[in-house]
Number of protein chains: 2
Amino acid sequence: MISNKAKYAFRALLTVAAAPEGEALTSTEIARRHAIPHKFLEQILLDLKKAGILESRRGKSGGYIMLRPADTITFGEVLRIFEGPLAPLPCLSRQSYRRCEDCASEANCEIRREFARAYDASRQVLDSRTIADALANVPYDDTGEDQQRLAG
Amino acid sequence: MISNKAKYAFRALLTVAAAPEGEALTSTEIARRHAIPHKFLEQILLDLKKAGILESRRGKSGGYIMLRPADTITFGEVLRIFEGPLAPLPCLSRQSYRRCEDCASEANCEIRREFARAYDASRQVLDSRTIADALANVPYDDTGEDQQRLAG
DNA sequence: TAAATGTCGACTTTATAAGTAGGGAATTGA
DNA sequence: TCAATTCCCTACTTATAAAGTCGACATTTA
């Protein structure tokens with residue numbers, strides 16, 4: 001399960017991305033719309049700013065706007081900001097690889113091999129789908145046929 | 001990241017499954033082979049027993065053996081025993097569905113829709129690959145072509 | 001210049017991970 | 001039979017992270 005923090009971050013980001021070009025949204029407004037604890041949301045927005053995703057304006061008519069276009073921001077990128085590495089095993093993370101303490105041989109590790117399959121599958125989705133994709137509102141049909149249709 | 005507990009469970013299970021038919025392995029022996037804290041492993045083996053995956057014999061020539069064949073035990077099943085639901089959101093879990101407290105409409109939730117894609121992809125792997133598959137030792141080639149070759 | 005906003009650091013509370021500890025119950029080989 | 005070996009069970013500890021809460025400060029603008 002992903003954390004509340006990450007879920008709030010996505011709600012906030014989708015809201016800011018959906019706002020009219022140039023219009024800043026305040027943390028108070030975002031918190032109100034989604035019933036997110038205000039002070040908690042402030043921390044989250046700050047994290048998104050430090051990550052170079054949002055931009056902020058202070059003072060009376062302040063608020064948050066997108067720093068980068070929504071179609072350059074993937075779900076994977078945002079998730080990593082709040083959850084750390086997405087890999088199920090440290091030895092499978094590309095961005096922050098660590099070997100498993102107790103592992104004799106990575107090449108022969110059955111656990112690593114199987115989880116690599118699962119992680120590849122989910123990473124392919126998370127690192128390709130963007131905030132803009134999500135807002136495009138195309139329904140998702142869970143029949144297992146999508147992957148082949150899209151790949152073909 | 002998966003917990004140490006789950007990782008130990010997989011190591012133990014793969015070891016018991018790889019043992020000669022009918023030969024019981026003691027918790028001490030399994031712990032020694034993989035340098036797993038013995039008392040901790042005992043709890044894990046007990047969980048696997050309660051889940052109907054392992055069988056145990058007590059006393060002098062006791063130990064653990066498989067209760068069900070290794071090709072009927074998926075990685076997803078084992079993972080759920082130790083990690084709970086695998087879904088990234090409660091509203092995406094089939095086996096233990098809960099609605100998200102703060103969600104207005106599941107059908108229109110962009111977060112749910114995107115994570116459904118990711119979860120479907122990884123679930124398809126975890127719920128199909130078995131302990132027996134893992135022991136078959138077929139190398140895994142991460143080029144993104146496997147899915148199509150296997151599907152075709 | 002006061003009100004509205006974002007920024008920052010410290011604190012609290014609760015839950016979970018990762019073990020540790022100590023004994024009790026069953027089996028079996030001598 | 002009895003002692004060694006094994007599994008079985010409960011309780012405890014320690015460290016870390018999640019999910020906030022709180023109070024003060026900094027910046028902008030009407």
Side-chain angles (χ1 to χ4, degrees), chain A residues 1-12 16 23-32 34-67 79-85 88-90 100-102, chain B residues 1-12 16 23-32 34-67 79-85 88-90 100-102:
Chain A
M1 299 274 175
I2 71 171
S3 63
N4 270 4
K5 200 167 182 175
K7 210 196 301 183
Y8 293 158
F10 282 115
R11 287 216 200 288
V16 175
E23 173 177 321
L25 282 178
T26 67
S27 62
T28 307
E29 169 62 13
I30 299 169
R32 192 195 56 73
H34 301 291
I36 302 172
H38 180 231
K39 289 301 250 179
F40 194 34
L41 178 62
E42 283 189 330
Q43 293 176 9
I44 293 166
L45 292 168
L46 217 36
D47 286 342
L48 286 170
K49 185 195 169 172
K50 283 174 187 159
I53 290 177
L54 290 182
E55 197 171 4
S56 65
R57 285 204 298 254
R58 295 219 258 201
K60 200 136 190 181
S61 59
Y64 292 89
I65 58 176
M66 300 302 287
L67 178 56
L79 214 43
R80 283 190 186 89
I81 295 169
F82 295 97
E83 309 273 1
L89 298 169
C100 290
E101 310 295 339
D102 56 335
Chain B
M1 299 273 176
I2 71 171
S3 63
N4 270 4
K5 200 166 182 177
K7 210 196 301 183
Y8 293 158
F10 282 114
R11 286 216 200 287
V16 174
E23 174 178 319
L25 282 179
T26 67
S27 62
T28 307
E29 170 60 13
I30 300 170
R32 192 196 55 75
H34 300 291
I36 302 172
H38 180 233
K39 289 301 249 179
F40 194 33
L41 179 62
E42 282 190 328
Q43 293 176 8
I44 292 167
L45 292 167
L46 218 37
D47 286 342
L48 287 169
K49 184 193 170 173
K50 283 174 187 159
I53 289 178
L54 290 182
E55 196 172 4
S56 66
R57 286 203 298 255
R58 295 218 260 202
K60 203 138 188 180
S61 60
Y64 292 89
I65 58 176
M66 301 300 288
L67 178 57
L79 213 45
R80 284 191 185 88
I81 295 170
F82 295 97
E83 308 272 352
L89 298 169
C100 290
E101 310 295 339
D102 55 335

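What you see is a predicted model, and the numbers here were worked out from it, not measured in a lab. Values below: all heavy atoms of this structure, side chains included; hydrogens, waters and symmetry mates excluded.
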Can you measure [X] atom [atom1] to [N] atom [atom2] for me and round it to whole angstrom units?
X	N	atom1	atom2	answer
A:L48	C:dT7	CG	C1'	15 Å
A:N4	C:dT14	CG	P	17 Å
A:D102	C:dG19	CG	C1'	15 Å
B:E55	C:dT27	CD	P	13 Å
A:M1	C:dT16	CE	C1'	15 Å
B:D47	C:dG19	CG	P	15 Å
B:F40	C:dG22	CZ	P	19 Å
B:I36	C:dA18	CD1	C1'	13 Å

Please identify each residue that fulfils side-chain contact (heavy atoms from CB on, under 4.5 Å) with [X], with sequence neighbours left out.
X	result
A:E101	A:R98
A:R32	A:E29
B:R58	none

Please tabulate, for the side chains in residues 3-11 of chain A, all donor-acceptor contacts under 3.5 angstrom to protein atoms that are two or more places apart in sequence or on a different chain.
from, atom 1, to, atom 2, distance (Å)
A:S3, OG, A:A6, N, 3.2
A:S3, OG, A:E83, OE2, 3.0
A:R11, NE, B:D102, OD2, 3.2
A:R11, NH2, B:D102, OD2, 3.4

Open item on the list: For nucleotides 1-16 of chain D, give me one character per nucleotide, 5' to 3': B if any protein heavy atom sits under 4.0 Å from the base, S if the only such contacts are to the sugar-phosphate, - if neither.
Closed with: ----BBBBB-B-----

Open item on the list: Counting C-beta onward and ignoring hydrogens, is there a side-chain heavy-atom pair between B:I53 and B:I81 closer than 4.5 Å?
Closed with: yes

- [ ] For B:F82, report the nucleic acid contact type (base, sugar-phosphate, nothing); a contact means any heavy atom under 4.0 Å.
- [x] nothing

TODO: Taking only the side-chain nitrogens and oxygens of B:Y8, find out if one of them lies under 4.0 Å from OP1 or OP2 of C:dA18.
DONE: no

Task: side chain to side chain donor-acceptor pair (under 3.5 Å) contacts in which one or both residues fall within residues 41-55 of chain A, not counting sequence neighbours - done: A:K39-A:E42, A:K49-A:S56

